[in-house]
Protein chains: 2
Amino acid sequence: MKNSTTQATLNMWKQALGELVRRQGPDLSSRQMAILLIVYLEEPPHTVRGLAARLKISKPAVTRALDTMGKLDLLRRKPDEKDLRSVNIVRTVKGSVYLSEIADVIEKAAWENLG
Amino acid sequence: MKNSTTQATLNMWKQALGELVRRQGPDLSSRQMAILLIVYLEEPPHTVRGLAARLKISKPAVTRALDTMGKLDLLRRKPDEKDLRSVNIVRTVKGSVYLSEIADVIEKAAWENLG
DNA sequence: GATAAATGTTTCGATTGCGAAATAAGTTTG
DNA sequence: CAAACTTATTTCGCAATCGAAACATTTATC
């Protein structure tokens, strides 16, 4: 088929994704998850406009993702005090815990497949 | 924050997911992607019932995912000749190509983060 | 200080997805 | 062969999401 690295890579992804689906935790889309990861792994500040540009998606799409993940308390909107038009997206405890769990799942899959 | 392996793992996931979102290819959900990967990486035959059990999701959810990915020609239904109640899910050329591309993206992200 | 630009949200109409229950079609059991 | 079971799909009502355009608010420009 393909080379063995490719095979192992896809197996890793399959295993991690499969486990995440089976867990039936909050069912985030790829977009939502990508936003969440950027907010938690990259330097603040994070704005709607910035995230939209970063992922090449529309601003309303970001707004909706923030609504959904905000309800789940995975992140939070914090009005920017310098520029009242702008909103900063910040982390929450619950979001940190959630990402730690995700990391465990992926890490295990990576370990088993990529050695 | 957390240990550096966890950090690297999440960075890898972030990078891969970010790239997949930016590509604006077919926007598959986690469920759909998980199904696709199982079909391509595990031994046939694959049935609706089997996939549902494997991922702990409902059969209608699998049917819908197959509808969507079938329209995209990422996989195909093939009636089982031994048991006419059953349907086998089989691979397509387009699906193989698509997964190869996905693998490239993930592989690159893994290489850059997990060394 | 009026006008233009920037930021984020809301509205619009449409599509897609969900679980649960009902259904259609085929097979097994007694 | 009839009843029970199995497999997959369809239906139902509902919730989430989409892009595009319109909107409200705030800031920058002239």
Side-chain angles (χ1 to χ4, degrees), chain A residues 17-18 20-39 44-90 98, chain B residues 17-18 20-39 44-90 98:
Chain A
L17 219 44
L20 292 177
V21 169
R22 274 187 296 273
R23 294 213 165 185
Q24 322 219 204
D27 187 21
L28 303 186
S29 70
S30 296
R31 286 176 168 200
Q32 293 167 338
M33 184 66 82
I35 290 173
L36 194 65
L37 285 165
I38 290 174
V39 168
H46 302 288
T47 65
V48 171
R49 176 157 188 76
L51 291 167
R54 183 98 171 59
L55 292 171
K56 284 194 200 167
I57 59 180
S58 67
K59 284 192 296 176
V62 174
T63 292
R64 282 186 291 259
L66 297 181
D67 288 345
T68 301
M69 292 191 286
K71 271 184 210 156
L72 295 171
D73 196 29
L74 296 178
L75 44 69
R76 206 164 52 77
R77 283 179 171 96
K78 184 171 183 252
D80 185 331
E81 296 174 355
K82 313 272 186 187
D83 184 341
L84 297 181
R85 287 172 302 183
S86 209
V87 171
N88 288 19
I89 322 301
V90 300
Y98 177 64
Chain B
L17 219 43
L20 292 176
V21 169
R22 274 187 296 273
R23 295 212 165 185
Q24 322 219 198
D27 187 19
L28 303 186
S29 70
S30 297
R31 286 177 169 198
Q32 293 168 339
M33 183 65 82
I35 288 173
L36 194 65
L37 285 165
I38 290 173
V39 168
H46 301 288
T47 64
V48 172
R49 174 157 190 77
L51 291 167
R54 182 97 170 59
L55 292 171
K56 284 195 201 166
I57 58 180
S58 69
K59 284 191 296 177
V62 174
T63 293
R64 283 187 291 258
L66 297 181
D67 288 345
T68 301
M69 293 191 288
K71 270 184 211 155
L72 295 170
D73 195 29
L74 296 178
L75 44 70
R76 206 165 53 77
R77 285 179 170 96
K78 184 171 183 250
D80 185 332
E81 295 174 356
K82 311 272 183 184
D83 184 342
L84 297 182
R85 289 171 300 182
S86 210
V87 171
N88 289 87
I89 321 302
V90 300
Y98 178 64

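On a predicted model such as this, the values are computed, not experimentally measured, just so you know. Labels below follow one simple rule: chain letters A, B, ... track the order of the sequence lines, proteins then strands, and each chain is numbered from 1. Just so you know, these numbers use all the heavy atoms, side chains as well, and skip hydrogens, waters and symmetry mates.
- The NE2-P distance, from B:His46 to D:dA8, rounds to 13 Å in whole Å.
- Salt bridge status for A:Lys82 with A:Asp80: absent, with no side-chain N to carboxylate O gap under 4.0 Å.
- Between B:Gln32 and C:dT16, a side-chain N or O to OP1/OP2 separation shorter than 4.0 Å is absent.
- Between A:Ser86 and C:dT7, a side-chain N or O to OP1/OP2 separation shorter than 4.0 Å is absent.
- Of the two residues near DNA chain D, B:Pro60 and A:Arg31, the one whose nearest nucleotide lies more 5' is B:Pro60.
- For the pair A:Val62 and A:Asp83, nearest-nucleotide mapping onto DNA chain D gives the more 5' position to A:Val62.
- Rounded to whole angstrom, the span from the CG atom of A:Asp67 across to the C1' atom of C:dT9 amounts to 9 Å.
- One can place CG of A:Leu66 at 11 Å from P of D:dT17, the figure rounded to the nearest angstrom.
- Residue contacts for B:Asp27: at a heavy-atom cut-off of 4.0 Å it reaches no nucleic acid atom on any strand shown.
- Residue A:Ser29 is out of contact with every strand shown, counting any heavy-atom pair closer than 4.0 Å.
- Contact annotation for B:Ala61: backbone-only contact, meaning every heavy-atom pair under 4.0 Å involves sugar-phosphate atoms and none involves a base.
- Counting distance only, with no hydrogens placed and no angle test, the side-chain atoms of A:Arg77 and the base atoms of C:dG8 include no donor-acceptor pair under 3.5 Å.
- Distance, A:Ile35 CD1 to D:dT17 C1': 12 Å, rounded to whole Å.
- Taking atom CD1 on A:Ile57 and atom C1' on D:dA16, their separation rounds to 15 Å, with Å as the unit.
- Crowding of B:Glu81 atom CD: a count of heavy atoms from other residues, nucleotides or ligands under 6.0 Å not exceeding 12.
- The side-chain heavy atoms of B:Leu28 and B:Tyr98, taken from C-beta on, include a pair separated by under 4.5 Å.
- Summarising the geometry, the separation between CE on B:Met69 and P on C:dT16 is reported as 15 Å, rounded to the nearest angstrom.
- Between A:Thr63 and C:dT9, a side-chain N or O to OP1/OP2 separation shorter than 4.0 Å is present.
- Note: CE (A:Met33) to P (D:dT17) measures 14 Å, nearest angstrom.
- Here A:Thr47 lies in heavy-atom contact (under 4.0 Å) with sugar-phosphate atoms only.
- Nearest heavy atom pair, residue B:Gly18 against residue A:Leu55, reads CA-CD2, 4.0 Å.
- The interatomic distance linking B:Lys59 (NZ) with C:dA24 (P) rounds to 16 Å, in whole Å.
- Between B:Lys71 and B:Arg85, the residue anchored closer to the 5' end of DNA chain C is B:Lys71, taking for each the nucleotide with the nearest heavy atom.
- Counting non-hydrogen atoms under 4.0 angstrom, B:Arg49 reaches the backbone sugars and phosphates but no base.
- In this structure, A:Lys82 reaches the sugar-phosphate backbone alone: every heavy-atom distance under 4.0 Å involves primed, P, OP1 or OP2 atoms, never a base.
- Relative to the side chain of A:Arg64, the nucleotides C:dT7, C:dG26, D:dT17 differ in distance, and D:dT17 lies closest.
- The nucleotide whose nearest atom lies closest to any side-chain atom of A:Leu84 is, among D:dG19, D:dT27, C:dG8, D:dT27.
- The minimum heavy-atom distance linking B:Arg22 with A:Lys56 is given by the pair O-CD, 4.2 Å.
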Between A:Val90 and A:Leu75, is the side chain to side chain contact (heavy atoms under 4.5 Å, CB included) condition met? List the steps. CA-CA 6 Å; A:Val90 300; A:Leu75 44 69; over 6 Å; no
